[in-house]
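Whatever order the structure lists ligands and atoms in, that order sets their numbers, starting from 1. Quick note: numbers below take in every heavy atom, side chains included, and nothing from hydrogens, waters or symmetry partners.
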Amino acid sequence: MKELSEKISKIPSSATIEITDKARKMKAEGKDVISLSIGEPDFDTPAHITQACIDALKNGKTHYEASQGLLELRKAISEKLSFENRIPSDPSQIVVACGAKDNIYEAMEACLNPEDEVLILDPSWVSYEPSVRIAGARPVHHSLRAGDFQADDTILEKINKKTKMIVFNTPSNPTGSVMNKASLTLIKDICEDNDILALSDEIYEKLIYENEHISIASLGDMHERTITVNGFSKAYAMTGWRLGYACAPLNITKAMTRVQQHTISHPASFAMWGGLAALKGPQACVEDMRQEFDRRRKFLISELNRAGYETAPAQGAFYAFLKVCGDDMKVCDEWLTKALVATTPGTAFCSPGWVRISYAAGMDTLKEAVRRISETG
Ligand SMILES: Cc1ncc(COP(=O)(O)O)c(C=O)c1O
């Protein structure tokens, strides 16, 4: 057989999925593994959302839809973005895709050329670099300020004529920190001064405990150069539904839609009706989940600090990010094999020396995990 794609052969598999699969395998072998490597709410999708999807199936919503996504859903997303995020938008600027991950991939394909550089702010989510590479462009990394994980003007050291896009997420996976207005204003100024696009991944927007969520596209004219990505997975516990969306200037949305037309066509029609129910229906379910995550966050962070670990400001998402002594890969391996607790090494997020622990697990599970980790050291 001839060689497979050289480009894809250079892309590693997702570290978070790999570790979670390893933990799953150990569990299947009868080992009592606690999996805290997963980036997925442990709640079920709220019943009214599931019901809307069942109704859609029963009512024959099983056909092809507009490839940009169901118009009713795009209208609801556009209203949400205007009202909650202060991002001026029209349904024509929204693309509904198979999860935020798919939107990010489409945005990269739509915007990037081989000579382009994309600046990724680290610690960064595992799929940003691969999606830049799949689009054929060059990823460049820059670390946010250690400690508070905010942006500072050292970013400028990585900017040049080839820089096409800056990618970041807030609240952050993996750190849990939330970008403040000063950081976002700095990124905005850099983008405007250097004619750069921003890709702002806001998938954890609803899971915030301290600080406030600000969308960079709401600052001045930034909506004219920002791709705002969001979705249903984290806020509404809809990971398996594969439903996300992006809002961007019209020329970018049109290009993303072309990518979508020739790849997935659109997400499952009935799933999009579920998404509509999520946005239009009661929001108490989101607040209930947020409060439960907050309870776990307070417990986990205080236990980790008591055990002597330095942690990143845990202001949002559902992750604790802690500094470890020595090689984070070895620490995680040891915690998995000796303590039977699966966590994710910071190296997976381009931040060696740190470990991410997901608190998307029940309180009793977290207590047991902390006990095991403390015993292993
Ligand atoms: C920062 C970040 N962005 C995007 C995604 C992808 O979300 P989705 O399930 O909507 O594809 C994830 C999922 O883990 C994430 O953590």
Side-chain angles (χ1 to χ4, degrees), residues 13-21 35-43 45 49 69 73 77 94-108 118 120-132 134 144 149 166-179 198-208 213 215-216 227-247 256 260 263-264 266-268 271-272 274-275 278-279 293 312 314-321 343-344 346 348-351 356-361:
S13 43
S14 162
T16 41
I17 293 178
E18 245 181 27
I19 292 157
T20 306
D21 284 350
S35 187
L36 301 182
S37 56
I38 194 115
E40 159 161 54
D42 54 320
F43 303 108
T45 303
I49 301 175
L73 179 56
I77 291 167
I94 311 292
V95 183
V96 185
C98 288
K101 189 181 269 186
D102 191 27
N103 282 114
I104 292 165
Y105 160 76
E106 289 174 357
M108 303 289 184
V118 175
I120 300 171
L121 300 184
D122 293 334
S124 55
W125 181 52
V126 293
S127 293
Y128 297 141
E129 171 166 338
S131 45
V132 174
I134 291 170
L144 289 165
F149 296 101
I166 299 183
V167 181
F168 58 94
N169 75 71
T170 179
S172 162
N173 173 10
T175 67
S177 57
V178 172
M179 280 224 185
L199 191 153
S200 174
D201 177 353
E202 304 181 11
I203 189 94
Y204 291 97
E205 171 201 15
K206 297 281 179 183
L207 301 177
I208 193 157
H213 175 73
S215 294
I216 195 168
I227 302 149
T228 304
V229 175
N230 206 326
F232 297 84
S233 290
K234 318 290 176 174
Y236 299 97
M238 290 172 69
T239 46
W241 291 62
R242 308 312 303 128
L243 205 57
Y245 57 88
C247 173
M256 288 174 69
Q260 183 140 301
T263 52
I264 61 162
H266 58 74
M272 290 195 278
L279 287 186
F293 281 131
Q315 301 161 327
F318 39 67
Y319 305 107
F321 203 53
T343 55
T344 314
F349 310 104
C350 300
S351 292
R356 187 192 78 173
I357 300 184
S358 162
Y359 48 88

When you compare ligand 1 with [X], is there at least one nitrogen or oxygen pair between them that comes in under 3.5 angstrom?
X	result
N173	yes
C98	no
S233	yes
D102	no

Handout entry: Test item, I203 contacting ligand 1 (heavy atom, 4.0 angstrom)
Key = yes
Exercise for the section: Say whether G231 and ligand 1 are in contact under the criterion: heavy-atom distance to a ligand atom below 4.0 Å. Expected result: no
Of the protein's non-hydrogen atoms, which lies at the shortest distance from [atom], and what is that distance?
atom	answer
atom 10 (O) of ligand 1	A100 N, 2.7 Å
atom 2 (C) of ligand 1	D201 OD2, 3.3 Å
atom 12 (C) of ligand 1	W125 CZ2, 3.4 Å
atom 13 (C) of ligand 1	K234 NZ, 2.9 Å

Handout entry: Qualifying residue for ring-ring contact (aromatic ring centres under 6.0 Å, His included) with Y319, from Y359, F293, Y204
Key = Y204
Counting N and O atoms only, with roles assigned by atom type, does the side chain of [X] sit under 3.5 Å from a partner on the main chain of [Y], one being a donor and the other an acceptor?
X	Y	result
K234	K206	no
D201	V167	no
T239	E40	no
R356	S37	yes
S358	I38	yes

Practice task
Any chance you could measure E106, atom CD, to D102, atom CG, to the nearest 0.5 Å?
Solution key: 4.5 Å
Exercise for the section: Taking only heavy atoms of Y204 into account, list the atoms of ligand 1 that are under 4.0 Å away from them. Expected result: 1 (C), 14 (O), 15 (C), 16 (O)
Problem - Element-labelled atoms of ligand 1 that are located less than 4.0 Å from some non-hydrogen atom of R242 - result: 8 (P), 9 (O), 11 (O)
Exercise for the section: Determine the interplanar angle of the Y236 and F232 rings, folded into 0 to 90°, and report it as parallel if under 30°, tilted if 30 to 60°, perpendicular if over 60°. Expected result: tilted
